[in-house]
2 protein chains.
Amino acid sequence: MTGRPHERSRTIADVAARAGVSLSTVSRVLNGNARVDEALAAKVRAAADALDYTASPLARSLVLGRTNTVAVVVPDLENPTFHGVLRGLSRAAARDGYHVLVADSVESVEEERILAVETRRRCDGIVLCAPRMPEDDLERLLTQLQPVVLVNREARSTGTPAVTADYRSGLTELLHLLRAEGHRTLLYLAGAPQSSSNLQRLAALRAFSAEHPDVAVRVEPCGVNFAEGHDAADGVLASGATGVLAFNDLVAMGLMSALGERGVRVPDDVSVTGFDDIPFARYLTPPLTTASVPVTELGEQAWHRMAELLGSRAPGHTILFRPRLEVRGSTGPAPARTVGAEAAS
Amino acid sequence: MTGRPHERSRTIADVAARAGVSLSTVSRVLNGNARVDEALAAKVRAAADALDYTASPLARSLVLGRTNTVAVVVPDLENPTFHGVLRGLSRAAARDGYHVLVADSVESVEEERILAVETRRRCDGIVLCAPRMPEDDLERLLTQLQPVVLVNREARSTGTPAVTADYRSGLTELLHLLRAEGHRTLLYLAGAPQSSSNLQRLAALRAFSAEHPDVAVRVEPCGVNFAEGHDAADGVLASGATGVLAFNDLVAMGLMSALGERGVRVPDDVSVTGFDDIPFARYLTPPLTTASVPVTELGEQAWHRMAELLGSRAPGHTILFRPRLEVRGSTGPAPARTVGAEAAS
DNA sequence: ATGAAAGCGCTAACAG
DNA sequence: CTGTTAGCGCTTTCAT
């Protein structure tokens with residue numbers, strides 16, 4: 001039946017010839033655009049599936065100016081967050097008959113620009129995850145990319161729709177949790193300094209500090225992955241903090257691992273929080289307290305925004321997912337000896 | 001400079017007009033195919049970048065019959081294995097100027113066929129991960145898909161190149177490890193019954209059993225994810241096995257988690273092995289003993305095979321990556337009381 | 001309702 | 001070496 005290797009795929013002309021009609025009639029029947037005599041239509045359909053014909057997407061794209069494809073540009077396919085976004089996006093887009101192209105800039109901010117512009121030409125729109133790109137560059141880029149949806153950051157000026165997590169509120173909840181547990185010396189292990197989600201966390205920190213002068217909150221540059229979290233352990237211990245807020249779960253995992261090697265107990269000696277709630281966060285020992293970000297939904301909603309843009313419907317408002325606090329075993333009461341002890345800046 | 005939103009992107013005709021030459025000359029200069037007078041060439045280049053011109057990939061694809069895109073079809077974007085494959089593939093392909101399209105069949109074997117065929121039309125070749133597709137269907141599909149590289153399974157008849165892990169040898173090593181630790185009653189938690197990698201593991205089991213009649217090896221149907229591993233715990237305990245070989249790391253994690261809930265200690269009461277070595281396997285408590293599969297390399301090599309096919313070079317042989325045994329904390333000596341105790345089938 | 005013809009943007013013969 | 005022309009496979013006026 002199927003499976004016989006056809007050297008070159010059939011064209012609309014083959015179908016037209018076999019059905020004894022013109023090209024336009026075939027096109028009309030197959031696209032259901034115009035009224036066609038039912039007798040002819042039947043012949044066309046018969047011919048089409050006798051020849052196992054499907055219109056060339058390439059040719060259609062060229063003439064229609066529409067590829068039915070969108071691209072997602074990510075800074076790093078290694079990061080579990082983007083897996084989730086990709087999965088959500090891909091499935092949602094597929095339901096609407098759209099395909100998705102992935103472009104991994106491998107953390108290079110300069111590449112990201114080129115890559116996005118280049119990729120844009122092969123599709124109808126871009127879902128852009130570019131947390132580190134400077135705001136000005138981003139603004140300029142957005143105008144070139146046209147239908148674009150931002151993930152995990154918002155644009156200042158443009159009316160570009162965005163789908164993101166509310167990193168500020170997530171970190172605020174974690175801060176309150178630790179304070180409620182009696183922690184008075186906290187340390188935040190920062191991610192990429194200029195990244196949007198890092199800035200949001202810093203804003204949460206500032207607001208919290210202003211509100212709670214009894215808690216000392218320090219910031220230490222760190223990073224975004226396991227290794228960087230691991231390397232931060234000595235700094236964490238030196239800081240004297242009893243509660244550590246890691247930039248994300250990966251950093252928290254690295255930190256807990258290094259802490260374990262040094263014989264420091266979590267949460268007895270120090271409480272650790274992550275961010276994101278990656279799939280394995282709950283299975284760590286102890287299970288990681290974190291702010292859960294629904295990454296798959298992020299991807300799905302990114303598609304919905306994109307679909308609106310592609311249908312030239314109203315852009316829709318930016319969506320913020322509020323992270324859900326997941327209190328697990330990596331946090332607990334502050335060790336007795338330090339409660340209320342410190343008064344340092 | 002850049003950033004001014006151009007309503008419609010410029011065409012080769014615009015460049016030709018501005019440079020005062022014909023379309024073909026522009027094409028020739030920009031593709032460097034034929035010798036062009038240097039003076040004209042310079043004018044063309046000047047015009048091209050004054051207009052910020054890039055040839056439409058769509059139009060080129062149509063006329064060249066080549067899209068510079070490949071697609072990867074996966075059964076489930078949720079599985080960490082495919083993340084790795086995708087990442088390796090995407091980066092390797094990008095280095096050669098190729099783009100990648102992802103198609104997630106969301107575990108539906110029937111969809112997979114349709115999806116692969118449909119997706120194929122938008123690109124130059126398919127990297128196919130279809131572990132569950134029946135052999136006969138696969139064979140038929142392969143002829144339609146033309147340039148295709150298989151990941152994690154081989155095709156019987158066709159000379160389709162494949163890139164896969166040697167699941168059989170990996171499981172054999174795990175079996176030997178457990179036997180060396182004194183385990184004489186083992187249980188294998190099987191994955192998808194007809195999947196290639198499950199069949200390979202079963203082959204390893206049979207060979208091992210024949211070679212070591214002193215070890216009782218049972219098989220229990222299970223699955224491929226965390227939840228299925230979790231649900232297998234009671235069956236595992238009922239079996240009396242002291243060593244459990246989970247289909248993969250996800251299953252092993254689920255099992256260990258459920259075992260923990262029941263107060264069963266790993267590895268003191270029962271040893272557990274995984275398969276794949278997903279990123280977090282080493283950070284579990286206890287760290288998971290597993291057979292490490294280099295998923296990123298799998299993706300990279302899949303690209304290299306594909307590149308050979310696209311360059312109509314010799315297909316290249318199928319590549320087998322031998323999993324590396326990672327002995328960690330989830331396995332240990334068999335509990336004394338059961339060593340040599342059982343003689344059941 | 002149907003067919004002929006133009007054209008999407010580009011490349012590759014084919015002439016000169 | 002350069003320009004003219006004919007497509008790649010399809011959709012869509014525009015006539016009929």
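When reading the values below, keep in mind they use all heavy atoms of this one structure, side chains included, and skip hydrogens, waters and symmetry mates. Below, read A as the first sequence line, B as the second, and so on, with proteins coming before strands; counting in each chain starts at 1.
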Under 3.5 Å donor-acceptor, B/Asn31 side chain and B/Asn33 backbone: no
Check: A/Leu310 main-chain N/O paired with A/Arg66 side-chain donor or acceptor under 3.5 Å: no
Exam field: side chain B/Arg87 to backbone B/Ser90, donor-acceptor pair closer than 3.5 Å: no
Ionic contact status for B/Asp76 with A/Arg91, cut-off 4.0 Å: yes
Protein proximity profile, nucleotides 6-16 of chain D - base contact B, sugar-phosphate-only contact S, no contact -, cut-off 4.0 Å on heavy atoms: -BBBSSBB---
B/Arg305 side chain to B/Val148 backbone, donor-acceptor under 3.5 Å: no
